[in-house]
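Data block below; observations after.
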Amino acid sequence: MTANVAVETTPEIPLWNDPSHPVSARVDALIGAMTLQEKIAQLYGVWVGASANGGEVAPHQHDMEEAVDLDALLPSGLGQLTRPFGTAPVDPALGALSLLRTQTRITSANRFGIPAVAHEECLAGFAAWGATAYPVPLSWGATFDPDVIRRMAAAIGRDMRAVGVHQGLAPVLDVVRDLRWGRVEETIGEDPYLVGTIGTAYVQGLESAGIVATLKHFVGYSASRAGRNLAPTSVGPRERADVLLPPFEMAIREGGARSVMHAYTDIDGIPSAADEKLLTGLLRDTWGFDGTVVADYFGIAFLKTLHGIAGDFADAAGAALTAGVDIELPTVKTFGAPLADAVAEGRVPESLIDRALRRVLTQKADLGLLDPDWSPVPPAFAGADLDDPDALRGTIDLDSPANRELAREIAEKAVVLLANDGTLPLAAPRRIALVGPNAAEGTAVLGCYSFPQHVGVQHPEIPVGIELPSLAESLAAEFPDAEITVARGTGVDDGDLSGIAEAVDTARDADIVVVALGDRAGLFGRGTSGEGCDAESLALPGAQQELLNALLDSGTPVVTVLLAGRPYALGRAVEDSAAIVQSFFPGVGGTRAIAGVLSGRTAPSGRLPVSVPRGPGSQPATYLGARLAQASEVSNIDPTPAFGFGHGLTYTTFAWSDLTLDTEQAPTDGEFTVSLTVRNTGERSGTEVVQLYLHDPVASVVQPVQRLVGYTRLELAPGEERRVRVTVPADLASFTGRDGRRIVEPGELELRLSASSTDARLTTRVTLTGPVREADHTRRFHAEFTVED
C-alpha cells in the first residue's frame, strides 16, 4: 500500500512575467495575449491626486478634460498615473501609501497584473509637498558645473524612487531664443553647448537613480514669435539643426534618456506631435532612440483644437501614433474611445498601436514592473507598518539636510556678480537699508515649477512645507551686528509708487542700500515669470525701475540684487549701482547664498547663461547672432548686451598667458590642441571659468560670429596657477551646409579663449585642411580639457 503524499507544484509563470527570457520575447508574448482595449489602455495616463489620508488616489479634474471613471477604466489596465504627489499638498508618507494602494488596485483589476508608471514633475526638485526646492535650470546653467547638477539630479531621483515614482518630466532642453518668453527660467540658457552639457548631466543623474528622464520640449518651443507661450514658431531647418536639436541629441547619446516629450508648437506648419520625420525619422531611425515619446499635456488633442490638422480626436490620435507618439498625457482623451473607434473603422491600423505598446511595455519591463516579484511597496516603506496611516505621517523626509546642503552649494555657484566698484564684499556695515518687493518674501527664490508656486498657491490654508528664509532673514544672520531696516518700496508688478519716498528716506539713513528686485513666479499670468507669464518688454516689472532710480539718487551706495526668472534691462543702474548681483530663482538655499556673496563669506563664481540686455526693447537677441545681428549704423536698435553671455566677476583677479598651439594645420577629420596658463593674481581664492569660443571667418553658409564649444571651471588659491590643455576635434567646427548635411569645411578658424562672450583673453588661429567632410550623428561633441599643475 502506497501512502498519498502531497506534492507542492508551482503554477507556470507566464512568459511575460519570466525575467529569464529576453525582454523582447516577453513583450511580444504579452502583446499577443492582449485585447485591443487592453493594448490601448497601456498608452494613456490618468491625472490623479493622492489621498491626504493614505487612501487610493482620486482622479483630478481639469478644465481641459472630462471626468474619468477609474472603475470603468482599470479592468483594461492603465499606462500611467499623472502626478499623484504633484497635484495637491499631501504628506509624503501618506502620498506614498496612497500610491501603493492605488497600484495594488490597478494590478488587481487587470488580468495581467500590470502596474502603471507614475510620473512627476522634477524641474527644480521633486514637485511634491515638503520636497527640497532646488535652483531653477537657469541657475544650473549659471554654475557652468555639470558635476554638481548631476549630483542634484541623482538626489532628486532617489527621493522620487523612494516613494514609488518611476518617471520625471525633466529636463527642459529648449535653447533660449527670446528673453521675453515666460519659461526662460525653466531653460538652461541661450547656448546649445551649455544647455546640452548641463542637461545631459541632469539626465545622467536622474537615470542613475532609476528614474526615466523625459527630455522636453522636442523641438522648437522656445523659438516662438514675440516670446509668447504656445505661439507660432518661425525656425528654419538650419537653426533647428544647429541650435535647437544638439542638446537633445547629446542627452540621448551621452545621457541615456529614456523618454522624450513632444513640443506643443509647429515648425513650418507641421506640429511636433504629428511630425513623423522628427519623431521617427530623426529621433529613432537616425539617432537610435528606443525609449518612449510622451505627449505634452493635452498636446494630441491640440492637433484638432489648436493646430487644425485633425478633424476629430480619432484623427488626432492617428496622426500622433503615425508620427511616433506612444503615450497620451496627462489623461485619456484621444487615445481612449476615439482611438478604439478609429481602429474598428479602419482609420488607424492596429499595428501602430502595437508599435507604441511594444515601447511602453519594454520600458515597464526594464523598470521591473512585469517581474513576478514586483511589489507596490516603495523603498521608503521598508519595514514600516502600512496598516497605520497615522503612524506613517511625517516619516518620509524629502527635504533632508543633505538635500538642502546640495541646494545651497548650487545656489552659491550660480550667483553671478555682474558689476562691482569695490563695494563688495561689504565690510561690517553698521546700517543696511534693505529695500524692494523681494526683500522680505520667502517665496522669491522659487520658480513656477516649484511645488509651492505651482500647486501650493491654490491651497493657501496649507503651510509651504519647506523652510524659505527671506533675504531679510538671511542678511540678519549674515550681519548680526548691523542695523537692518526693511522697506518694500513697491510691489513686483503692482505699479505702486506710494512707498518709494519712504524707501528713499530709509536709504539716506543707511551706510549701504541693498535693493531686492525681480520676479514673482506663477502660471498663466499669475506671475511675472513662468509658464504663460510672458513679458512685453524686458523692463523691470511694475514700478521697480522707478524705485531703483530713486534709490540711486539717494546718495547712498546701492547694491542691486535680482531674484528673477529672466534677465532684465536695468537702465542707469548698470553704471550707477555700486554692485549688481544676479540670481535666477536660487531655491531653498538662495538667500543665504546671496548673503554670503554680499559679506564675502563665499566668493562669487557664477557666469551668465543668458545675456543681460542693455535696453528693454531689443529682443529677440542672442550672443549667437551672425554679423547682421550686431549693432550697425543702418539701424537705430542696438542689441549689444549690458553684460554678455558667460560674464561673471569674482573677488580676485586672474592672468591668462602662454598660449600655445600644437599645430597650425589639422585635417577636417583631425584635432588640435591649445594650451594656456591661468594664474590667480589676487589676494583671495576664486574661480575662473575658461570658455572656448569658435569663430569661423569664412563659411559656405552664414554662421554666428562666435559660439561656445567648451568650458571648464578652475578654482585657484592666491598665487596658484594651472596649465590648461584643450584638445579640440575638428567636429566642433561642423555646421549644417547648404544641402542640409552637417559638414566640416576646410579653411581658417579662430579660437578664442575667453572669460565671457564679450571678453576674449587669448586668441589663435588654425587651418583645417583636406576635403569637405560630413559629420553625422556619431560626431564628437566635446573639447577635452586637461588641467595640469
Side-chain angles (χ1 to χ4, degrees), residues 83 85-89 120-142 152 155-156 159 169-172 182-188 398-399 403-404 406-412 414-415 436-460 462-474 491-493 516-533 541 561-568 581-595:
R83 297 174 68 178
F85 290 87
T87 299
E120 290 288 353
E121 298 285 358
C122 56
L123 190 65
F126 182 10
W129 186 84
T132 305
Y134 292 89
V136 298
L138 204 57
S139 273
W140 309 353
M152 176 197 72
I156 293 170
D159 283 343
L169 303 188
V172 169
R183 303 188 79 167
V184 167
E185 64 172 73
E186 299 180 45
T187 73
I188 295 168
L398 300 179
D399 188 33
N403 282 4
R404 297 185 70 88
L406 182 54
R408 178 206 57 78
E409 179 185 351
I410 297 168
E412 287 184 352
V415 173
N438 283 337
E441 179 55 67
T443 58
V445 298
L446 300 179
C448 81
Y449 267 78
S450 67
F451 187 88
Q453 298 300 89
H454 200 80
V455 178
V457 292
Q458 303 170 42
H459 303 270
I462 304 295
V464 173
I466 51 177
E467 180 188 355
L468 294 170
S470 68
L471 186 57
E473 292 168 326
S474 291
V492 167
D493 61 344
L517 307 173
D519 282 315
R520 179 186 67 258
L523 288 168
F524 306 118
R526 295 194 293 270
T528 59
S529 174
E531 185 173 1
C533 298
V561 175
L562 286 307
L563 286 158
R566 63 164 69 83
Y568 286 103
V581 176
Q582 174 76 66
S583 183
F584 298 109
F585 290 142
V588 295
T591 59
R592 292 192 179 107
I594 292 170

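Numbers here are sequence positions counted from 1.
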Original post:
Residues two or more places apart in sequence or in another chain: which of them pass side chain to side chain contact (heavy atoms under 4.5 Å, CB included) with Ser139?
Top reply: Pro135, Ala414, Phe584
Subject >> Minimum heavy-atom distance Glu185-Ser529, with the two atoms named >> reply: OE1-OG, 2.6 Å
Original post:
Within a strict 4.5 Å, meaning less than it, do heavy atoms of the Asn438 and Leu471 side chains meet?
Top reply: no
**OP:** Evaluate the ring planes of His454 and Tyr449, with Trp represented by its six-membered ring, and classify them as parallel (under 30°), tilted (30 to 60°) or perpendicular (over 60°).
**Re:** tilted
Original post:
Of all residues at least two apart in sequence or in a different chain, which pass the side-chain hydrogen bond (donor to acceptor under 3.5 Å, both in side chains) check with Asp399?
Top reply: Thr132, Arg404
Original post:
Of Asn403, Ile466, Val445, which is the lone residue that meets side chain to side chain contact (heavy atoms under 4.5 Å, CB included) with Val588?
Top reply: Ile466
Original post:
Out of curiosity, Arg566 CZ to Thr528 OG1, how far, rounded to the nearest 0.5 Å?
Top reply: 7.0 Å
Subject >> Summary of salt bridge (charged side-chain N to carboxylate O under 4.0 Å, His left out) pairs that have at least one residue in residues 121-136, sequence neighbours excluded >> reply: Glu121-Lys216
Subject >> Interatomic distance, Leu123 atom CG to Thr187 atom OG1 [nearest 0.5 angstrom] >> reply: 9.5 Å
Original post:
What residue pairs, at least two apart or across chains, pass salt bridge (charged side-chain N to carboxylate O under 4.0 Å, His left out) with a residue in residues 524-533?
Top reply: Arg183-Glu531
Original post:
Are Arg408 and Glu467 close enough for a salt bridge, meaning some N to O gap below 4.0 Å?
Top reply: no
Original post:
Sequence neighbours excluded, which residues qualify as ring pair (Phe, Tyr, Trp, His ring centres under 6.0 Å) partners of Tyr134?
Top reply: none
Subject >> Rounded distance [0.5 Å steps], NE2 in His459 versus CH2 in Trp129 >> reply: 12.5 Å
Original post:
Does the side chain of Pro541 come within less than 4.5 Å of Tyr568's, by heavy atoms?
Top reply: yes
**OP:** Tell me, please, which residues at least two apart from Glu120 pass salt bridge (charged side-chain N to carboxylate O under 4.0 Å, His left out).
**Re:** none
